[in-house]
Amino acid sequence: MTLALSKGRILEDTLPMLSAAGLTPEEDPLSSRKLVFATNDPGLRLLVIRASDVPTFVAYGAADVGVAGKDVLVEHGGRDLYEPLDLGIARCRMMVAGLPGALDGPASRPLRVATKYVETARAHFARVGRQVEIIKLYGSMELAPIVGLADVIVDLVDTGNTLRANGLEAFTEIDTISSRLVVNKASMKMKHAAIRRLLDTFATATGGGH
Ligand code: ADP
Ligand code: PRP
Ligand code: MG
């Protein structure tokens with residue numbers, strides 16, 4: 001059984017859940033340069049990969065199970081994946097933000113939206129009926145309105161510190177985000193018992209059932 005973990009913020013919250021379940025990686029993934037980790041369970045290995053790549057590894061069956069943020073799952077489209085459990089970690093909100101007043105006034109031209117979340121942004125503005133031009137960025141979205149690259153951004157907000165530090169305001173909540181367990185559809189059938197055990201382990205660690 002192969003479990004794909006998102007490195008970064010999600011990894012920091014996932015490792016304590018594994019450890020609470022008695023699962024120990026051979027080395028500490030937070031400090032090691034390894035990408036594949038055996039664990040004290042001979043039937044379980046861990047992959048540590050870029051958060052946005054987790055749905056791809058699981059959808060293709062390179063990992064049976066993965067931990068991924070809902071933001072990343074929405075962008076991926078969730079094809080070929082089951083999403084049986086909300087882990088409740090790495091919580092934040094997907095929001096439209098910008099300099100004060102950026103959404104006001106008549107729409108004489110399409111609103112320019114800078115974001116890493118192109119599909120999320122496209123779907124949101126289609127839903128509210130606003131014409132947009134989307135500018136794909138890979139990080140530091142908050143910079144875009146300040147330097148006139150875009151009118152607004154679509155990005156994650158947790159404490160609001162990054163918005164505040166850059167003089168931006170949150171306008172609209174698009175979605176609430178947390179990390180989910182995702183399972184490859186074929187693995188769910190072929191390795192049902194082992195996956196069920198892993199699901200129960202995580203469900204107990206989150207304090208909920210499923
Ligand atoms: P990346 O390099 O892809 O931004 P991160 O570790 O920052 O990697 O983010 C990984 C995941 O953690 C995101 O997909 C999202 O689900 C969640 N996340 C990102 N930023 C925050 C935040 N500020 N607070 C809480 N969760 C966050
Ligand atoms: C995330 C997100 C925001 C910030 C929000 O960025 O893209 O910029 O966190 O959190 P806050 O509301 O608590 O300030 P991150 O720190 O992950 O930077 P990166 O993804 O651009 O590396
Ligand atoms: Mg980030």
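Both ligands and their constituent atoms are indexed starting at 1 by order of listing. Starting from 1, each residue takes its place in the sequence as its number.
With ligand atoms numbered from 1 in the order given, ligand 1 contributes 16 (O) to contacts under 4.0 Å with heavy atoms of Gly69. Close approach of ligand 1 to Gly8 is summarised as follows: ligand atoms under 4.0 Å from at least one heavy atom of the residue are 6 (O). Less than 4.0 angstrom separates some heavy atom of Asp158 from each of these atoms of ligand 1: 22 (C), 23 (N), 24 (N). Less than 4.0 angstrom separates some heavy atom of Val72 from each of these atoms of ligand 1: 14 (O). Contact atoms of ligand 1 toward Leu156: 15 (C), 18 (N), 19 (C), 20 (N) (distance under 4.0 Å to a heavy atom of the residue).
Formation of a donor-acceptor pair under 3.5 Å by the Asp175 side chain with backbone atoms of Met94 is not found in this model.
Side-chain contact between Ile135 and Val113 is absent, with no heavy atoms from C-beta onward closer than 4.5 Å. Inter-residue side-chain proximity for Leu137 and Leu149 is flagged as met; some heavy-atom pair is nearer than 4.5 Å. Between Val72 and Val54, the closest side-chain pair of non-hydrogen atoms is not below 4.5 Å. By the 4.5 Å heavy-atom criterion applied to side chains, Leu87 and Arg180 are not counted as neighbours. Between Val132 and Pro110 the shortest side-chain heavy-atom distance does not fall below 4.5 Å. Residues Asp41 and Arg197 are not in side-chain contact: their nearest non-hydrogen atoms beyond the backbone lie 4.5 Å or more apart.
Residue contacts with ligand 2 for Cys92 are absent, since no atom lies close enough (heavy atoms, distance under 4.0 Å). The part of Lys116 lying near ligand 1 is the side chain, judged by heavy-atom distances below 4.0 Å.
To the nearest 0.5 angstrom, Glu26 atom CD is 9.0 Å from Leu46 atom CG. Atom CD of Glu173 is separated from atom NE2 of His124 by 11.0 Å, given to the nearest 0.5 angstrom.
Distance screen at 4.0 Å: atom 23 (N) of ligand 1 has a protein heavy-atom neighbour inside the cut-off. For atom 26 (N) of ligand 1, the nearest protein heavy atom is under 4.0 Å away. Of the protein's heavy atoms, at least one falls inside 4.0 Å of atom 11 (P) of ligand 2.
Residue, atom and distance of the protein heavy atom nearest to atom 13 (O) of ligand 2 are Thr159 OG1, 2.5 Å. Considering only non-hydrogen protein atoms, atom 5 (C) of ligand 2 sits nearest to Leu156 O, 3.4 Å. The protein atom (non-hydrogen) at minimum distance from atom 12 (O) of ligand 1 is Ile10 CG1, 3.6 Å. Looking at atom 21 (O) of ligand 2, its nearest protein heavy atom turns out to be Ser140 N, 3.7 Å. Scanning the protein heavy atoms around atom 17 (C) of ligand 1, the nearest turns out to be Ala90 CB, 4.0 Å. With respect to atom 6 (O) of ligand 1, the closest heavy atom belonging to the protein is Arg9 N, 2.9 Å. Counting only heavy atoms of the protein, atom 4 (C) of ligand 2 lies nearest to Thr162 OG1, 3.6 Å. The shortest contact between atom 8 (O) of ligand 2 and any protein heavy atom is with Glu142 OE2, 2.6 Å. Here the heavy atom of the protein found nearest to atom 20 (O) of ligand 2 is Lys116 NZ, 3.9 Å. The protein heavy atom nearest to atom 10 (C) of ligand 1 is Ala51 CB, 3.9 Å.
Residue Asp71 has at least one nitrogen or oxygen atom sitting less than 3.5 Å from a nitrogen or oxygen atom of ligand 1, judged on distance alone. For ligand 1, the polar-atom distance check finds no N/O of Lys70 at less than 3.5 Å from any of the ligand's N/O atoms. At under 3.5 Å, not a single nitrogen or oxygen of Val157, backbone or side chain, sits near a nitrogen or oxygen of ligand 2.
The cationic group of Lys185 lies under 6.0 Å from the six-membered ring centre of Tyr82 and within 45° of the ring axis, placing it in a cation-pi geometry.
Inspection of the Asn161 and Thr159 side chains reveals an N or O donor paired with an N or O acceptor under 3.5 Å. Side-chain atoms of Asp155 and Tyr117 form no donor-acceptor pair, as typed in the model, at a separation below 3.5 Å.
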Which is it for Glu75 and Thr120 under the side-chain hydrogen bond (donor to acceptor under 3.5 Å, both in side chains) test, yes or no, and what are the steps along the way?
CA-CA 6 Å; Glu75 283 296 303; Thr120 300; 2.8 Å; yes
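Between Leu5 and the options Leu47, Val65, Leu18, a side chain to side chain contact (heavy atoms under 4.5 Å, CB included) holds for only Leu18.
The closest non-hydrogen atom to atom 6 (O) of ligand 2, taken over Met95, Met141, Arg164, Arg9, comes from Arg9.
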